[in-house]
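All remarks here apply to the structure that follows.
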Amino acid sequence: MSKQKRTAIEPTRDQNYAEWYQQVIKAADLAENSDVRGCMVIKPWGYAIWENIQRALDGMFRDTGHRNAYFPIFIPKSYFEKEAEHVEGFAKECAVVTHSRLEDDAAGGLKVAGELTEPLIVRPTSETIIGASFARWVNSYRDLPLLINQWANIVRWEMRTRLFLRTAEFLWQEGHTAHETSEEAMDETRKMLDVYAEFAKDYLAIPVLKGEKTASERFPGAVDTFCIEAMMQDRKALQSGTSHFLGQNFAKASEIKYQNREGEMEYAWTSSWGVSTRLIGALIMAHSDDNGLALPPKIAPSHLAIIPIYRDEEEKAAVMDYCQKVIELFKKEYWEDIRIYTELDDRDLTGSERNWHWIKKGIPLRIEIGPRDIASEAVMVARRDKEPRDKQSVPLQNLKEYCLSTLAEIQDAYYQRALAFREENTVKIDSKDEFYKFFTAKNKNKPEIHGGFAHSHWCGDPACEEQIKSDLKVTIRCIPLEKETEEGQCIACGKTSHERVIFAKSY
RNA sequence: CGGGAUGUAGCGCAGUCCGGUUAGCGCGCUCGGUUCGGGACCGAGAAGUCGGAGGUUCAAAUCCUCUCAUCCCGACCA
C-alpha cells in the first residue's frame, strides 16, 4: 500500500496543468460539458459558488447605488449595427435567430419555418439593447446618473471552449450606467473596477492587478477599458473582470440624450462593467492543489463536513446523536457576513473515502466524529489548507469559536499564498534576451510551467505589442494603474519608454 | 475555417492492421456479507443500436464510400 504519495487528482499540476484543471472540476463535481457544443452544465456545488459570488457582489453593487433590472436576451440586428466597432468586435461570435417555427418535414423530422423579417442576435453583451431603454429613460440631467445592473446569461460562439474559462453560453453580470459628464462616467468606471478588485481580494482571496488595457485589447466600442488581472498557478494571467468607459459612443448609437442644466440637448456618457462565471475558473486555478479544489471559506457552498465514524448500529446511534449536537452549534450561525453551512456525510462508505470526497470538493473544514470523541467530549478537525492527515482534537465547548477563527485563518492563508506566488513570479525585465528567455519553455515538446508577469517597458507602439505577441504569445495584460513614471527602453524596439506594463501569457 | 486524431456499457479503454463461436477488461452501479479514525475486501448481478447511413461478403466492431460528432494543434476570444 504505497498510498502515501498518491494525490487525489491525476495528473498533478506539474504533470499536465490543463488536464489537472479539468480533473479538479470533475472531482469536485462543479460542472460538466453538455451535449450542446461549448455549453456547460453547472452542477449544484459549482452553481452554489456562483450564487455566493452573486450574493456578495450584488450587495456591493447596491451599496454603490446600483439597481438590478432585466433586458431581453434577443437584440434586433439593426440595434447591434449602430455602433461600428462594436459590431466588428462581436460579429464573428454571434448566435443568430432567424426563424420562429418548426414544421414537420416529409421525413418525420422537423424543419425550421417562419423566417423573421429581422434576425435577432442572442446577446453577446447588452450595450445596444439596454441603450435603447436608456434612450427612453433619460430626458433630463435630473434622470442622471442612471445606475443599472443585470444578472444574465450571454452567448459568444467560441471556437474552443473550456469549462468556466470560456464557454459559448455563460452567466455574468453587466452593469450599465449613464452620466452627465465624462468625469462622472470615468469615476464610475474606476469605482466599479475597485469594487471588483476588492471582491476578488476579500471573497475569492485572489490578489489582482488593476490596470488599463492597450488599444488592441480594448472592448469593441469603448474609449477606455480597465481590467483586473490575476495570476493562475501556471503563471498565466486570467482577465477576471473588466470595466469600460464608453465615452459617448454608445449614447450616440442609441440616442441617449438629455437636456442639460443650460437647456441644451446633450449625449450622455456611459460605462459598462462585468464579471462572469469565469471567476469560478479563477478560483479553481488560484487555490486548488493536487488533492483537488480548495475554496476560500467566504465563497464555499458549505464550510464544515461532518463525518461520523462508527462500527455498528449501537455506535452509530450514539455518534449520530453527538453529530446533531455539533450541527446545532452552527445552525443559523454567521461568520462575518457568511452563513455557516454544514454537511453531514453519513453515507455508508469508509471514513477515508468520505474524507477524500470532501477534500476534493474543497470544503474548508472536516470534522470526524467517532466513539473516541464522544468519550473525550471533543471532535477531530482537519483543515483543507493543511495536509489531509493533519487533524486536531478540539473540545466541543471550544468548537464554534475554533471553527469560526479557523475559517478566517484559512481565508487569509489562501490570499497570502496566492499573493506570495504572484510576487515570486513577477519580475522586472529590461533586456530583450532575458524577456524572450523568460517566456520560452525549456522543453519545447512538453512545455513546463514557466514565465509569469514581466514588468517591462513599452514605448506605446502597437507594432511592438504585436511583435511580442506573434513571437511569444505574450500580450500586454495591462498598464498598471499604480505606476511609477520611469524612463526606460521598450522591450521590443529599444526606443524611449515612459512606463512599465505587465506582459504575460494569458487565457 | 486549415492540420492531426478519435468515436465500442455511465466513465476510461482493448479488440480493427490480417473479417469468423455468446464483443471483452478496469472503474463505477445494484444486491448480500465482512469492514469503517490513511482512499476496504469477498461473492453475486445489471448494463452495449460497436457514432450514423449505404456498400462488399456465406459472414462486418473489423474492409470500402459517404456522413455526423468530439478532442488536440493553429486563427479568434470575458
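Below, chains carry the letters A, B, ... as their sequence lines are ordered, and counting in each starts from 1. This one's a predicted model, so the numbers in the text were calculated from it and none came from an experiment.
Atoms SG and CD, on Cys39(A) and Glu158(A) in that order, are 11.0 Å from each other to the nearest 0.5 Å. To the nearest 0.5 Å, atom CG of residue Leu171(A) and atom OH of residue Tyr47(A) are 6.0 Å apart.
Among C11(B), G37(B), G74(B), the nucleotide with an atom closest to any side-chain atom of Pro371(A) is G37(B). Closest to the side chain of Met380(A), from the set G37(B), G38(B), G39(B), is G37(B). The side chain of Arg156(A) lies closest to A78(B) when the candidates are G39(B), A78(B), G38(B). The side chain of Asp348(A) lies closest to U35(B) when the candidates are U35(B), A40(B), G74(B). In this structure, of C36(B), A78(B), G39(B), it is A78(B) that holds the atom nearest to the side chain of Ser276(A). Nearest nucleotide to the side chain of Lys360(A), out of A78(B), G74(B), G39(B): G39(B). With G39(B), G37(B), A78(B) as the choices, the nucleotide that has an atom nearest any side-chain atom of Ala8(A) turns out to be G39(B). Between G38(B), A78(B), G39(B), one nucleotide has an atom nearer to the side chain of Glu158(A) than all others, and that is A78(B).
One interatomic measurement links the two molecules: CD of Glu10(A) to C1' of C27(B), which rounds to 13 Å at whole-angstrom precision. Per the geometry, CH2 belonging to Trp356(A) stands 11 Å off P belonging to A40(B), to the nearest Å. Whole-Å rounding puts the Glu19(A) CD to C71(B) C1' distance at 11 Å. Between the CZ atom of Arg278(A) and the P atom of A78(B) there is a distance of 7 Å, rounded to whole Å. Computed from coordinates, the Tyr322(A) OH to G37(B) P distance equals 19 Å when rounded to whole Å. G28(B) atom C1' lies 14 Å from atom CZ of Arg347(A), rounded to whole Å. Distance, Lys316(A) NZ to G37(B) P: 16 Å, rounded to whole Å. Distance, Trp151(A) CH2 to A78(B) P: 19 Å, rounded to whole Å.
Using a 5.5 Å limit on the distance between ring centres and a 30° limit on the angle between planes, the aromatic ring of Trp172(A) does not count as stacked on the six-membered base ring of A78(B).
When heavy atoms are screened at a 4.0 angstrom cut-off, Gly274(A) is found touching no nucleic acid atom at all. Counting non-hydrogen atoms under 4.0 angstrom, Thr167(A) reaches a base of the nucleic acid. Base contact: Leu349(A) has a heavy atom under 4.0 Å from a base atom. If you check every strand for non-hydrogen atoms under 4.0 Å, Glu368(A) touches a base. When heavy atoms are screened at a 4.0 angstrom cut-off, Arg354(A) is found touching no nucleic acid atom at all. When heavy atoms are screened at a 4.0 angstrom cut-off, Leu165(A) is found touching base atoms of the nucleic acid. Looking at heavy-atom distances under 4.0 Å, Tyr310(A) makes contact with a base. Across all strands shown, Lys213(A) has no heavy atoms under 4.0 Å from either base or sugar-phosphate atoms. No contact: Tyr507(A) has no heavy atom under 4.0 Å from any strand.
Taking atom P on both nucleotides, A14(B) is separated from G7(B) by 7 Å, rounded to a whole Å. Taking the P atom of each, U22(B) and G4(B) are spaced 39 Å apart, rounded to whole Å. Annotation: A53(B) and C68(B) have their C1' atoms spaced 10 Å apart (nearest Å). Atom P of A75(B) sits at a distance of 44 Å from the matching atom of G48(B), rounded to the whole Å. As rounded to the nearest Å, C72(B) and C13(B) have P atoms that lie 13 Å from one another. C11(B) and G28(B): their C1' atoms are spaced 7 Å apart (whole Å). When the C1' atom is used for both A61(B) and C42(B), the distance is 34 Å, rounded to whole Å. To the nearest whole angstrom, the two C1' atoms, one in C63(B) and one in G15(B), are 16 Å apart.
Positionally, the nearest nucleotide of RNA chain B for Asp373(A) lies more toward the 5' end than for the other of Arg218(A) and Asp373(A). Comparing Lys26(A) and Glu169(A) against RNA chain B, the residue whose closest nucleotide sits nearer the 5' end is Lys26(A).
With a 6.0 Å radius and a threshold of 12 heavy atoms from other residues, nucleotides or ligands, Lys201(A) has its NZ atom at or below the threshold.
In a base pair of the Watson-Crick type (N1 to N3 plus N6-O4 or O6-N4) or a G-U wobble (N1-O2 and O6-N3), with each distance short of 3.5 Å, U16(B) is matched with no nucleotide. The base-pairing partner of G48(B), taking Watson-Crick or G-U wobble contacts with both distances under 3.5 Å, does not exist among the strands shown. For U65(B), the paired base is A53(B) (Watson-Crick or G-U wobble, both distances below 3.5 Å). Using the Watson-Crick or G-U wobble rule with both distances under 3.5 Å, G10(B) pairs with C27(B). The partner of C36(B) cannot be assigned: no Watson-Crick or G-U wobble pair with both contacts below 3.5 Å exists in any strand. Pair assignment for C76(B) gives none, since no Watson-Crick or G-U wobble pairing has each distance under 3.5 Å. The base-pairing partner of U21(B), taking Watson-Crick or G-U wobble contacts with both distances under 3.5 Å, does not exist among the strands shown.
Ala56(A) and Phe199(A) get closest at one heavy-atom pair: CB-CE1, 3.6 Å. Closest heavy-atom contact between Tyr21(A) and Gly281(A): OH-CA, 3.5 Å. In terms of heavy-atom proximity, Pro308(A) sits nearest to Val319(A) at CB-CG1, 3.6 Å. Minimum heavy-atom separation, Ala418(A) to His287(A): CB-CE1, 4.2 Å. When every heavy atom of Lys400(A) is checked against every heavy atom of Leu329(A), the shortest pair comes out as CD-O, 3.3 Å.
A close approach under 4.0 Å does not occur between any side-chain nitrogen or oxygen of Ser352(A) and OP1 or OP2 of G38(B). Considering only side-chain N and O atoms, Lys92(A) lies nowhere under 4.0 angstrom from the phosphate OP1 or OP2 of A75(B). Between Arg389(A) and G38(B) there is no side-chain polar atom (N or O) within less than 4.0 angstrom of OP1 or OP2.
For Phe219(A) and Phe226(A), the ring centers sit 6.0 Å or farther from each other.
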